[in-house]
Amino acid sequence: MRLLVTGGAGFIGSNFIRHILTKYKDYKIINLDKLTYAGNLDNLKDVEKNKNYEFVKGDICDAEIVNKLAAKVDVIINFAAETHVDRSIGSPEDFIRTDIFGTYTLLEAAKENKLKFLQISTDEVYGSIEKGSFKENDRLNPSSPYSSSKAGAELLAHSYFVTFGVDVLVTRSSNNYGPYQYPEKLIPVFITNAMEDKSLPIYGDGQQVRDWIYVIDNCEAIDLVLHKGKSGEAYNIGGGNEKTNMYITKKILELTKKPESLINYVKDRPGHDRRYSVDCKKINALGWKPRYDFDKAMKETVQWYRQNKWWWEKIKTGEYKKYYIEHYHERHGLK
Ligand code: NAD
Ligand code: DAU
């Protein structure tokens with residue numbers, strides 16, 4: 001199989017590429033990535049010389065480059081997106097452009113070249129749920145510009161299945177954690193802040209709930225959907241680890257051996273979803289369940305950030321620093 005993986009220099013995409021190259025020795029991967037602030041070729045240093053792997057720097061909104069690459073593959077897996085909810089509140093434009101228009105550009109190429117198309121979506125498209133768990137056919141009810149742009153993208157993908165017969169699949173996973181996650185998301189920002197003796201900014205009361213999945217479990221589920229998923233269908237992928245943000249914070253402080261005095265309650269995220277929860281019976285029936293134990297994988301994740309300071313220390317300067325000072329600190333009332 002020849003795969004065009006978009007956004008493969010990001011967190012999940014890079015873990016997915018490594019997973020595929022390790023498992024399928026005869027698969028070829030082209031990684032198309034614009035290398036935005038979140039794209040990082042350091043994430044793929046160990047595979048860059050693999051003969052089955054090629055990197056192309058480019059934008060999924062650029063039809064010329066997308067069409068050229070689509071002619072060489074059997075399937076497109078679209079990880080490329082603007083992904084951080086907080087940034088989507090400050091500047092939504094890039095989210096609309098990449099997440100929606102970029103997906104459209106890829107779908108056109110899939111249609112013209114008769115390719116399978118796997119859209120990596122998110123559990124956030126359902127919005128918040130107080131009790132119970134969302135099933136795949138429940139209404140999409142996104143809250144943020146990020147989750148709305150992701151919902152738009154997957155609805156567009158579905159329309160290409162219905163209208164043009166494109167072989168479209170969608171995955172909706174819960175919150176991932178693990179190595180190579182950009183330190184703006186809860187777990188890596190808190191681990192690295194704790195290691196630097198910086199405060200851990202908890203939004204609101206810290207009682208919001210997320211369902212955490214180790215990134216390799218998600219990669220294995222995406223692999224299964226790619227090979228066994230039914231055309232036109234969406235699949236929820238949850239870790240089965242619903243935890244409050246406060247629980248995660250205390251776990252990180254325990255694993256980094258840092259004091260609870262680092263906890264800093266800050267102004268809440270506007271439109272903050274209280275709880276995400278997905279029902280995973282459909283992908284369970286396809287033959288997947290998460291393999292990684294939460295406590296063990298969290299311990300290993302903290303260990304990875306401890307041993308790979310070279311990776312995150314250089315990120316936490318430059319654009320990152322500017323973003324935190326200009327937007328994040330101001331919005332959350334941080335000094
Ligand atoms: P990330 O922010 O770490 O990486 C995104 C990647 O996309 C980066 O490499 C970036 O350079 C690239 N990119 C952005 N705009 C591009 C463009 N216009 N053209 C080409 N490349 C572009 O994201 P992630 O956390 O790895 O998420 C990957 C996908 O999974 C996204 O579609 C996201 O919505 C989805 N998702 C993420 C999570 C999570 O917990 N991280 C959960 C569910 C779904
Ligand atoms: O649910 C899947 C989604 O998970 C993905 O689609 C998104 O791309 C990904 O960013 C993530 O969205 P969240 O908003 O859930 O993740 P984030 O890490 O930004 O925040 C997790 C929770 O922690 C959320 O309730 C907000 C809170 N938070 C986050 C940060 C960065 C804090 O309290 N303090 C923080 O500094």
Side-chain angles (χ1 to χ4, degrees), residues 5-16 31-41 43-44 56-62 65-66 77-89 94-95 97-99 101-103 105-106 119-126 128 142-144 146-147 149-150 153-154 171-178 180-190 193 199-213 215 218 222 237-239 243-246 248-249 263-266 268-269 271-278 324 328 332 334:
V5 172
T6 65
F11 165 48
I12 308 175
S14 61
N15 278 288
F16 181 76
N31 172 14
L32 173 65
D33 197 298
K34 187 179 170 183
L35 298 183
T36 66
Y37 78 93
N40 184 354
L41 291 179
N43 299 3
L44 289 160
V56 177
K57 183 169 189 263
D59 190 331
I60 61 165
C61 300
D62 178 350
I65 193 159
V66 165
I77 308 182
N78 182 27
F79 290 91
E82 289 294 335
T83 63
H84 191 37
V85 174
D86 290 333
R87 289 185 191 242
S88 85
I89 296 165
D94 285 347
F95 288 74
R97 187 179 166 278
T98 288
D99 301 10
F101 190 79
T103 303
T105 309
L106 295 171
Q119 172 67 6
I120 305 301
S121 193
T122 165
D123 66 352
E124 290 198 19
V125 294
Y126 296 114
S128 196
S143 313
S144 70
Y146 162 68
S147 50
S149 71
K150 292 296 290 184
E154 70 156 271
T171 63
R172 297 183 186 138
S173 101
S174 60
N175 288 61
N176 286 229
Y177 67 100
Y180 302 107
Q181 184 166 30
Y182 193 84
E184 66 183 351
K185 308 284 164 63
L186 180 75
I187 288 185
V189 88
F190 279 20
N193 276 15
S199 70
L200 313 189
I202 295 221
Y203 301 169
D205 63 5
Q207 293 308 309
Q208 304 84 0
V209 173
R210 298 292 183 266
D211 173 14
W212 295 96
I213 182 170
V215 63
N218 187 23
I222 294 168
I237 304 171
K243 312 280 183 205
T244 62
N245 293 338
M246 185 51 80
I248 296 290
T249 305
I263 294 175
N264 183 14
Y265 289 93
V266 299
D268 207 353
R269 170 187 281 175
H272 199 167
D273 283 332
R274 201 70 186 159
R275 174 173 174 257
Y276 296 138
S277 183
V278 283
Y324 269 75
Y328 185 92
H332 297 290
L334 275 163

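Note that the numbering runs from 1 along the sequence shown for the chain. Just the heavy atoms: all of them, side chains too, but no hydrogens, waters or symmetry mates, feed the values below. For ligands, and for the atoms within them, numbers begin at 1 and follow the listed sequence.
Between Ile202 and ligand 2, a contact under 3.5 Å exists for no N or O pair. Ligand 2 has no nitrogen or oxygen under 3.5 angstrom from a nitrogen or oxygen of Asp273. Looking at Thr83 next to ligand 1, an N or O pair under 3.5 Å apart turns up. For ligand 1, the polar-atom distance check finds no N/O of Leu32 at less than 3.5 Å from any of the ligand's N/O atoms. For ligand 1, the polar-atom distance check finds no N/O of Asp123 at less than 3.5 Å from any of the ligand's N/O atoms. Looking at Asp123 next to ligand 2, an N or O pair under 3.5 Å apart turns up. Distances between N or O atoms of Thr98 and those of ligand 1 include at least one value under 3.5 Å. By the 3.5 Å distance cut-off applied to N or O atoms, Asn175 is not counted among the residues near ligand 1. Ligand 1 has an N or O atom lying under 3.5 Å from an N or O atom of Phe79, backbone or side chain. Checking only distances, Asp86 never comes within under 3.5 Å of ligand 2, N or O to N or O. Between Arg210 and ligand 2, an N or O atom pair is found at a separation short of 3.5 Å. Distances between N or O atoms of Arg269 and those of ligand 2 include at least one value under 3.5 Å. Taking only nitrogen or oxygen atoms, main chain and side chain alike, Asn40 does not reach within less than 3.5 Å of ligand 1.
Every atom of ligand 1 with a heavy atom of Leu35 under 4.0 Å away is listed here by number and element: 11 (O). In the vicinity of Gly58, heavy-atom distances shorter than 4.0 Å reach the ligand 1 atoms 19 (N), 20 (C). Contact atoms of ligand 1 toward Gly7: 6 (C), 7 (O), 9 (O), 12 (C) (distance under 4.0 Å to a heavy atom of the residue). Near Asp59, meaning under 4.0 Å from any of its heavy atoms, are these atoms of ligand 1: 17 (C), 18 (N), 19 (N). Heavy-atom contacts of His84 reach the following atoms of ligand 2: 19 (O) (cutoff under 4.0 Å). Applying the 4.0 Å criterion to heavy atoms of Phe11 picks out, from ligand 1, the atoms 3 (O), 25 (O), 26 (O). Listed by number with element, the atoms of ligand 1 under 4.0 angstrom from any heavy atom of Tyr146 are 33 (C), 34 (O). Of all atoms in ligand 2, numbered sequentially from 1 with element shown, those under 4.0 Å from a heavy atom of Pro201 are 32 (C), 33 (O), 34 (N), 35 (C), 36 (O). Within ligand 2, counting atoms from 1 as listed, the ones closer than 4.0 Å to a heavy atom of Thr122 are 1 (O), 2 (C), 3 (C), 5 (C), 6 (O). Set against the non-hydrogen atoms of Val85, the atoms of ligand 2 under 4.0 Å away are 14 (O). Shown in contact with Lys150 at under 4.0 Å from a heavy atom are these atoms of ligand 1, numbered in order with element: 31 (C), 32 (O), 33 (C), 34 (O). Per-residue contacts place Glu184 under 4.0 angstrom from the following atoms of ligand 2 (heavy atoms of the residue considered): 31 (C). Of all atoms in ligand 2, listed by their number and element, those nearer than 4.0 Å to a heavy atom of Lys185 are 10 (O), 18 (O).
Not a single heavy atom of Gly102 sits under 4.0 Å from any atom of ligand 1. Heavy-atom distances between Ile120 and ligand 1 reach below 4.0 Å in at least one pair. Ligand 1 lies out of reach of Gly8, whose nearest heavy atom is not under 4.0 Å from it. Residue contact annotation: His272 has a non-hydrogen atom under 4.0 Å from ligand 2.
Contact annotation: the side chain of Asp211 never approaches that of Ser277 to less than 4.5 Å [non-hydrogen atoms, C-beta and beyond]. The shortest distance between side-chain heavy atoms of Arg97 and Asp59 falls below 4.5 Å. At least one side-chain heavy atom of Ile187 sits under 4.5 Å from a side-chain heavy atom of Trp212.
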(message) Between Lys150 and Asp123, is the salt bridge (charged side-chain N to carboxylate O under 4.0 Å, His left out) condition met? List the steps.
(response) CA-CA 10 Å; Lys150 292 296 290 184; Asp123 66 352; over 6 Å; no
(message) side-chain contact (heavy atoms from CB on, under 4.5 Å) for Tyr182 and His84? Distances and angles first, verdict last.
(response) CA-CA 10 Å; Tyr182 193 84; His84 191 37; over 6 Å; no
(request) Please report the C-alpha distance between Arg87 and Tyr37 in whole Å, then the side-chain angles of each, then the deciding distance to 0.1 Å, and finally whether the side-chain hydrogen bond (donor to acceptor under 3.5 Å, both in side chains) criterion is met. (result) CA-CA 12 Å; Arg87 289 185 191 242; Tyr37 78 93; 3.2 Å; yes
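Side chains of Thr6 and Asn78: a donor on one and an acceptor on the other come within 3.5 Å.
Nearest non-hydrogen protein atom to atom 9 (O) of ligand 1 is Asp33 OD2, 2.6 Å. The protein non-hydrogen atom at the shortest distance from atom 4 (O) of ligand 1 is Gly10 CA, 3.4 Å. Taking atom 20 (C) of ligand 1 as the reference point, the nearest protein heavy-atom neighbour is Lys34 N, 3.2 Å. Scanning the protein heavy atoms around atom 44 (C) of ligand 1, the nearest turns out to be Ser121 O, 3.1 Å. When only non-hydrogen protein atoms are considered, atom 5 (C) of ligand 1 lies nearest to Ala81 O, 3.5 Å. Given atom 38 (C) of ligand 1, the protein heavy atom at minimum distance is Ile12 CD1, 3.6 Å. Looking from atom 10 (C) of ligand 1 to the surrounding protein, the closest heavy atom is Thr36 OG1, 3.3 Å. Protein heavy atom in closest approach to atom 42 (C) of ligand 1: Ser174 O, 3.4 Å.
In this structure, CD1 on Ile77 lies 12.0 Å from CG on Leu106, to the nearest 0.5 angstrom. In this structure, Leu41 CG and Leu35 CG are separated by 4.5 Å, a value rounded to the nearest 0.5 Å. Between the CZ atom in Phe79 and the OG1 atom in Thr171 there is a gap of 7.0 Å [rounded to 0.5 Å].
Across Asp273 and Ser143, no two heavy atoms sit closer than the pair OD1-OG, 2.6 Å. Listed here is the closest heavy atom pair of Gly238 and Ser174: CA-OG, 3.5 Å. Here the closest heavy-atom approach between residue Ser128 and residue Arg274 is recorded as OG-N, 3.0 Å. Minimum interatomic distance between Asp205 and Tyr265 (heavy atoms only, all atoms of both residues): O-CE2, 4.1 Å. Looking at every heavy atom in both residues, Pro201 comes nearest to Ser199 through CD-O, 3.4 Å.
The heavy atom nearest to atom 6 (O) of ligand 2, out of those in Tyr276, Tyr146, Tyr182, is found in Tyr146. Comparing Val125, Asn175, Asp268 against atom 11 (C) of ligand 2, the shortest heavy-atom distance belongs to Asn175.
Using modelled atom types, no side-chain atom of Asp86 and backbone atom of Arg269 make a donor-acceptor pair closer than 3.5 Å. A donor-acceptor pair is defined here as one N or O able to donate and one able to accept, closer than 3.5 Å; such a pair exists between the side chain of Asn31 and the backbone of Gly8.
Ring planes of Phe95 and Tyr146: perpendicular class, angle over 60° (limits at 30 and 60°).
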